[in-house]
Amino acid sequence: MNDVISATALEMAGWVRSREIGAVELLEAHLVRIEARDGELQAFVQLFEHWARRHARKIDASRNAWPDPLPTFFGVPFGIKDNDAMKWTYTRVGSRAYRFAVTPFDSLAVRRLRAAGFVMVGKTTTSEFALLPVVEPDIHPPTRNPWDPSRTAGGSSGGAAVAVATGMLPIAHGADGGGSIRIPASFCGLFGFKASRGVMPNFYAPMESVGLSVAGSLARSVEDSAAVLDALCGDPFGGPQSWRSRCVGEPASGLRVRFATSSSIGEVIPEVAAEVVRIAAVLEAMGHDVQEGGEFEGSTEEFVPVYGRLAANVPVLREESLQPVTQWLRAIGRRTSNRAARRLNAQLSVRLDDWFGDADLWVTPTVGVTAPEVGAYDGLPPDEAFARAAELGAFTAPSNITGQPAATIPVGASPAGLPIGVQIIGRRGADELVMRVARALGEAGMWRVHTG
């Protein structure tokens with residue numbers, strides 16, 4: 001079964017569809033892996049074994065009764081990040097403030113993912129209110145990196161990344177408001193994609209009125225990720241015009257590609273910079289116009305009022321039940337209106353557009369460093385803890401501000417064996433191009449996901 005659980009989600013769906021493997025058998029293989037690995041790594045906050053087994057048995061028992069076409073991910077195990085409501089489950093959003101919160105409905109994103117045929121196995125961990133790029137909330141033990149459990153898996157979609165990287169799930173739901181898909185994907189050696197603003201509904205409005213956050217997945221292939229994007233856009237079958245179909249073509253030649261290996265916000269270690277340069281050289285060999293560009297001049301302080309407003313929009317009965325960093329962010333956010341946050345974000349976006357220039361793509365580190373140790377920010381004052389943690393999003397947050405598409409590809413590892421990701425950023429609306437370039441680099445042998 002090791003070969004089975006290391007396959008892509010679309011491969012698994014094909015096996016269930018053709019009856020090469022049953023949905024129950026596929027589910028049980030993943031539940032065995034969850035039992036073996038989750039206690040150490042803390043990927044899940046809830047498991048739904050009973051519901052999942054009942055759903056899988058229904059798929060196997062009534063296979064002939066399902067109308068054609070079958071949904072894309074028919075019978076594939078899946079997990080929902082715990083910032084989305086799922087009917088009759090806890091939605092704690094990583095916070096003690098919501099430890100008793102049971103939701104009697106599915107969010108729109110969950111409804112669309114169910115329609116795509118997934119078997120829902122559980123809910124995965126997130127940082128408090130999905131704010132920090134590490135998953136170390138007060139409500140449960142920290143989520144740890146499968147490559148080195150003394151290190152963080154990243155966040156805020158850390159549980160999803162761990163589940164996919166270890167074979168506990170073949171693919172998992174995530175959400176990205178400042179790098180929350182791409183950072184854990186980079187730290188855990190996965191593919192992660194953030195779509196352009198407006199490709200799908202803003203699932204997190206009205207609390208996320210700026211539009212930074214985009215739903216997506218932690219995945220093993222571009223095609224898997226694109227097919228989840230289809231589902232989130234309301235297409236559970238993946239027709240000829242689907243993202244899944246459009247991501248497989250060759251990218252145009254002669255693209256204007258710029259790359260950066262430094263940031264004014266955080267450190268870039270030599271191993272990460274070297275991987276960026278290597279990918280840039282491969283793109284040049286593919287026939288693209290590749291040149292080194294400058295770093296974006298900005299600071300964390302400029303973004304804090306925007307991010308703080310989002311934190312302040314979450315309703316809370318007892319402020320003292322929140323972690324210190326969350327309280328600090330909310331205090332800043334209460335001094336910034338939603339309108340002011342949108343205005344500040346628009347001003348930052350103009351400056352980022354100037355930096356992006358006439359390029360078709362930028363290639364940067366996903367994160368400038370490898371995964372920090374668990375507890376690296378413990379004991380620091382809230383403002384310092386946030387500033388240190390925010391350095392992990394130095395290269396990812398800009399595309400949330402502007403609403404541009406961006407992907408991280410797992411390109412290598414540090415001498416200590418920790419995964420390194422390289423990020424590809426496109427112009428607004430150039431989602432297809434970003435996915436095609438990422439896929440072309442994979443076909444050229446420049447990246448591969450390993451399940452451990």
* **Presence of salt bridge, E223 and R439, under 4.0 angstrom** => yes

* To do: Could you label the plane-to-plane angle of the F356 and W362 rings as parallel, tilted or perpendicular, counting under 30° as parallel and over 60° as perpendicular?
  => tilted

* Taking the six-membered ring for Trp and the full ring for Phe, Tyr or His, determine whether the centres of F191 and W447 are under 6.0 Å apart. => yes

* Asked: Under a 4.0 Å N-O cut-off, is there an ion pair linking E432 with R436?
  -> yes

* Do D354 and R351 meet the salt-bridge criterion of a basic N to acidic O distance under 4.0 Å? -> no

* To do: Rounded to the nearest 0.5 Å, what's the gap from OH on Y307 to CG on N345? Could you check?
  => 12.5 Å

* Between F386 and W328, is the ring centre distance below 6.0 Å? -> yes

* Starting at NE2 of H173, measure out to CE of M86 and round the result to the nearest 0.5 Å. => 11.0 Å

* Asked: For V272 and V369, what are the C-alpha separation, side-chain angles and deciding distance, and is it a side-chain contact (heavy atoms from CB on, under 4.5 Å)?
  -> CA-CA 7 Å; V272 171; V369 297; 6.0 Å; no

Can you give me every donor-acceptor pair (side chain of residues 160-172, partner residue at least two apart or in another chain, under 3.5 Å) with its distance?
unit_1: T166; atom_1: OG1; unit_2: V162; atom_2: O; d: 2.7
unit_1: T166; atom_1: OG1; unit_2: A163; atom_2: O; d: 3.4

* To do: With rounding to the nearest 0.5 Å, note down the distance linking CD in E302 to CG in L344.
  => 9.5 Å

* **Candidate pair V434 and F193, rule side-chain contact (heavy atoms from CB on, under 4.5 Å), full reasoning** => CA-CA 9 Å; V434 171; F193 178 73; 3.9 Å; yes

